[in-house]
Amino acid sequence: MAMIPRRQLAIQLACCAANLAVAGVPFASSAQVRNVALMRVGPSRAVRTLAQAARQARAGQRIEVDAGLYVSDVAVWTHDDVSIRAAGGRVRLLASGASAEGKAIWVVRANRMRVQGIDFEGCAVQGRNGAGIRFERGSLWLRDCGFSLNEMGLLTGNDENSILEVENCEFAHNMRPDGHNHNLYVGAIARASVAGSYFHHARTGHLLKSRAALNQIFYNRLTDEAGGSASYELEFPNGGIAQVVGNLIEQGPQTDNPYLISVGAEGYKWPGNSVQLVNNTLVNGLAQGGDFLRVMPGAQTIRAVNNLLVGRGALETAGPGEYRKNFNAEAGDFANLAAYDARLRRRSRLVGRAGEAGASDGQSLHPSREYTHPRSTRAVNVNTHNPGAMQSMA
């Protein structure tokens, strides 16, 4: 039997798991069948710190962390099937000058690790890319976590078999003093799935940058907002499969780059390179110039369907592709776009004008959910389908 190249195998495995990721279901975990006692962590517990928990944890370990502030509590996680969740409120990890391996508050080299309800703040290192989490290899699922005031929010390695799933998380104000670093920076991994998350206030760096082979960016809010000056709101510098569905994406007037979304700017790496831009609301806040989408020559597919465009620019300038049911919209079409409420008003001429969303690599692109603020999604079940990110109306 012919061997499948490692890179192509990674892409196929990522695609097989795609439907579960977008539905908000994390990857399967063998921790469900392990008999490992629950570990409780907190100032009044036998295990007082997360650093101590990481040293004592075994494969399949379940960890509950008492709510509160944990200062300089940095850790390296290497065991598979570990799940960590906050208990009784949020857990705040403040770096305060500390880092694990000179890299991050947490360094993760593990399979099927789950983290929920934890905030990562203030990491700075000599290399100027101190992250809330440095995810180097394996598979990592994050839910309801926050990343703020680090030099880099979350940074991954370039292991082509790794998988990252981010659900209902927030990334903001992650930057080094001279800017340039990113709120979320995904390396050349198999799959990055991001849903229901809130990205805002980058400076010079991007809100979300991904080099993954498969990128599923569903139902998020990526907005510069007052004082934000992201270069790109969303970038796929090495191409890959980009499924961008149901997002509110806003470029503010202080951006350092005129493009909201960029694909292939640093050359295509993966065998499959396609752009699926479906049911997004794209806002260009520049008074002059700006483009919603830039795709460098070399992508096999460019498809933009059911998007709403606010401000200057067009989608077709990205190159030959399928463009349909994309509409220019005005502020008056929305409930309150100045406050990022992108629901269409019932009287808007755009109501009900969406077309068929289609599918990509086995993944339906029909919007079944929508972003709700802050950092969540809700199911939509409507008879009238609208263009743009929101199906519910004001």
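Position 1 is the first residue of the sequence; numbering continues from there. Computed from a prediction, not measured in an experiment: that's the story for all the values here.
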*Asks:* For Phe199 and Phe171, take the angle between the two ring planes, folded into 0 to 90°, and tell me which bin it lands in: parallel under 30, tilted 30 to 60, perpendicular over 60.
*Replies:* parallel

*Asks:* Kindly say whether Gly289 contributes a backbone atom to a donor-acceptor pair with the side chain of Arg312 at under 3.5 angstrom?
*Replies:* no

*Asks:* Determine, stepwise, if the pair Arg137 / Ile189 fulfils side-chain contact (heavy atoms from CB on, under 4.5 Å).
*Replies:* CA-CA 9 Å; Arg137 64 176 179 268; Ile189 66 175; over 6 Å; no

*Asks:* Does Trp141 reach the side chain of Leu164, with side-chain heavy atoms less than 4.5 Å apart?
*Replies:* no

*Asks:* Hey, what do you get for CG (Leu344) to CE (Met390), rounding to the nearest 0.5 Å?
*Replies:* 9.5 Å

*Asks:* Are Gln254 and Arg203 side-chain neighbours, meaning at least one heavy-atom pair lies under 4.5 Å?
*Replies:* no

*Asks:* Between Arg221 and Thr223, does a side chain to side chain donor-acceptor pair (under 3.5 Å) hold up when you go through it step by step?
*Replies:* CA-CA 6 Å; Arg221 173 171 157 179; Thr223 49; 3.3 Å; yes

*Asks:* Indicate yes or no for a side-chain donor-acceptor contact from Asn220 to the backbone of Gly196 under 3.5 Å, with no hydrogens or angles considered.
*Replies:* yes

*Asks:* Does the Asn386 side chain pair with the main chain of Val351, one donor and one acceptor, at a distance under 3.5 Å?
*Replies:* no

*Asks:* Is the shortest heavy-atom distance from the side chain of Leu234 to the side chain of Leu207 under 4.5 Å?
*Replies:* no

*Asks:* Quick check: His373 with Tyr340 (ring centres under 6.0 Å apart)?
*Replies:* no

*Asks:* Kindly compute the distance separating SG (Cys169) from CG (Leu154), expressed to the nearest 0.5 Å.
*Replies:* 9.0 Å

*Asks:* Working note: Arg92 + Asp119, criterion salt bridge (Lys or Arg N to Asp or Glu O under 4.0 Å); need CA distance, chi angles, decisive distance, verdict.
*Replies:* CA-CA 5 Å; Arg92 182 184 174 203; Asp119 297 324; over 6 Å; no

*Asks:* If every non-hydrogen atom of Pro387 is compared with every non-hydrogen atom of Leu308, which pair is closest and at what distance?
*Replies:* O-CD1, 3.5 Å

*Asks:* Quick one: does any side-chain atom of Glu250 pair with a main-chain N or O of Asp224 as donor and acceptor, under 3.5 Å?
*Replies:* yes

*Asks:* How would you list, by chain and number, every residue that makes a salt bridge (charged side-chain N to carboxylate O under 4.0 Å, His left out) with Glu170, sequence neighbours excluded?
*Replies:* Arg375

*Asks:* Looking at Arg303, I want to see if its CZ is surrounded by more than 12 non-hydrogen atoms of other residues, nucleotides or ligands under 6.0 Å.
*Replies:* yes

*Asks:* Starting from Leu277, can I reach Val194 by hopping between I/L/V/M/F/W/Y residues whose side chains sit under 4.5 Å apart?
*Replies:* yes

*Asks:* Considering the options Arg343, Arg345, Arg349, Arg347, which one meets the side chain to side chain donor-acceptor pair (under 3.5 Å) requirement together with Asp333?
*Replies:* Arg349

*Asks:* Which pair of non-hydrogen atoms, one from Ala394 and one from Ala335, has the smallest distance, and what is that distance?
*Replies:* CB-CB, 3.4 Å

*Asks:* Determine whether Phe292 and Tyr232 fall in the same hydrophobic cluster, where Ile, Leu, Val, Met, Phe, Trp and Tyr are linked whenever their side-chain heavy atoms lie under 4.5 Å apart.
*Replies:* no

*Asks:* Using 0.5 Å steps for rounding, measure from the CG atom of Leu293 to the CD1 atom of Ile261.
*Replies:* 6.0 Å

*Asks:* Does the Thr281 side chain pair with the main chain of Leu248, one donor and one acceptor, at a distance under 3.5 Å?
*Replies:* no

*Asks:* Quiz question: by atom type and distance under 3.5 Å, do the side chains of Gln243 and Ser360 form a donor-acceptor pair?
*Replies:* yes

*Asks:* What I'd like to find out is whether the side chain of Leu208 reaches to under 4.5 Å of the side chain of Tyr185, using heavy atoms alone.
*Replies:* no

*Asks:* For residues Ser83 and Arg114, is any side-chain donor paired with an opposing acceptor at under 3.5 Å?
*Replies:* no

*Asks:* Within the side chain of Asn238, is there an N or O that forms a donor-acceptor pair under 3.5 Å with the backbone of Tyr268?
*Replies:* no

*Asks:* Can you find a heavy atom in the side chain of Thr372 that is under 4.5 Å from one in the side chain of Tyr219?
*Replies:* no

*Asks:* Check the pair Ile133, Phe120 against side-chain contact (heavy atoms from CB on, under 4.5 Å), reporting the backbone distance first and the verdict last.
*Replies:* CA-CA 8 Å; Ile133 293 179; Phe120 300 83; 3.7 Å; yes

*Asks:* In the single-linkage hydrophobic clustering (I, L, V, M, F, W, Y; side-chain heavy atoms under 4.5 Å), do Ile105 and Val125 co-cluster?
*Replies:* no

*Asks:* Minimum heavy-atom separation for Arg40 to Glu64, with atom names?
*Replies:* NH1-OE1, 2.7 Å

*Asks:* For the OG atom of Ser139 and the CG atom of Asp80, what is their distance to the nearest 0.5 Å?
*Replies:* 7.5 Å

*Asks:* Transitively linked via ILVMFWY side-chain contacts under 4.5 Å: Val41 with Val108?
*Replies:* yes

*Asks:* Would you compute the distance between atom CG of Leu350 and atom NZ of Lys325 and round it to the nearest 0.5 angstrom?
*Replies:* 11.0 Å

*Asks:* Do the charged groups of Arg143 and Glu165 touch, with an N to O distance under 4.0 Å?
*Replies:* no

*Asks:* Indicate whether any N or O donor in one side chain lies under 3.5 Å from an N or O acceptor in the other, for Arg378 and Ser376.
*Replies:* no

*Asks:* Using a 4.5 Å cut-off on heavy atoms from C-beta on, say whether the side chain of Asn326 contacts that of Asn306.
*Replies:* no

*Asks:* To check you understand the geometry: which heavy-atom pair defines the closest contact between Asn247 and Ala389, and what is its length?
*Replies:* O-CB, 3.6 Å

*Asks:* Ignoring hydrogens and geometry, is there a side-chain-to-backbone donor-acceptor pair from Trp270 to Arg211 under 3.5 Å?
*Replies:* yes

*Asks:* Any luck finding a side-chain donor-acceptor pair between Asn181 and Glu151 under 3.5 Å?
*Replies:* no

*Asks:* Any side-chain heavy atom of Tyr198 sitting closer than 4.5 Å to one from Tyr371?
*Replies:* yes

*Asks:* Checking Arg109 now: which residues fulfil salt bridge (charged side-chain N to carboxylate O under 4.0 Å, His left out) with it, not counting sequence neighbours?
*Replies:* Glu101, Glu136

*Asks:* Report the distance from atom CZ of Phe135 to atom CG of Asp159, rounding to the nearest 0.5 Å.
*Replies:* 8.0 Å

*Asks:* Would you say that His206 contacts Asn183 through its side chain, given a criterion of any heavy-atom pair below 4.5 Å between the two side chains?
*Replies:* no

*Asks:* Give the ring-plane orientation class for His200 versus His173, where under 30° counts as parallel, over 60° as perpendicular and anything between as tilted.
*Replies:* perpendicular

*Asks:* Show the nearest heavy-atom pair for residues Ala54 and Val76, with the distance to one decimal.
*Replies:* CB-O, 3.5 Å

*Asks:* When hydrophobic residues are tied together by side-chain contacts of less than 4.5 Å, even through go-betweens, does Phe327 share a cluster with Ile249?
*Replies:* no

*Asks:* For the residue pair Ala75 and Ala51, what are the closest heavy atoms and their distance?
*Replies:* CB-CA, 4.1 Å

*Asks:* How far apart are the C-alpha atoms of Ile163 and Leu140, what are their side-chain angles, what is the distance that settles it, and do they pass the side-chain contact (heavy atoms from CB on, under 4.5 Å) test?
*Replies:* CA-CA 6 Å; Ile163 293 174; Leu140 173 64; over 6 Å; no

*Asks:* Kindly indicate, with the supporting measurements, whether the criterion side-chain contact (heavy atoms from CB on, under 4.5 Å) is fulfilled by Phe236 and Val275.
*Replies:* CA-CA 10 Å; Phe236 309 102; Val275 181; over 6 Å; no

*Asks:* State whether the side chain of Ser96 and the backbone N or O of Ser72 hold a donor-acceptor pair below 3.5 Å, judged by distance alone.
*Replies:* no

*Asks:* Would you find a donor on one side and an acceptor on the other, under 3.5 Å apart, between the side chain of His201 and the backbone of Ala226?
*Replies:* yes

*Asks:* Test your reading of the model: is there a side-chain donor-acceptor pair from Gln300 to the backbone of Asn273, 3.5 Å cut-off?
*Replies:* yes

*Asks:* Start with the C-alpha distance between Asp144 and Asn168, add both sets of side-chain angles, then the distance that settles side chain to side chain donor-acceptor pair (under 3.5 Å), and finish with yes or no.
*Replies:* CA-CA 5 Å; Asp144 189 28; Asn168 299 0; over 6 Å; no

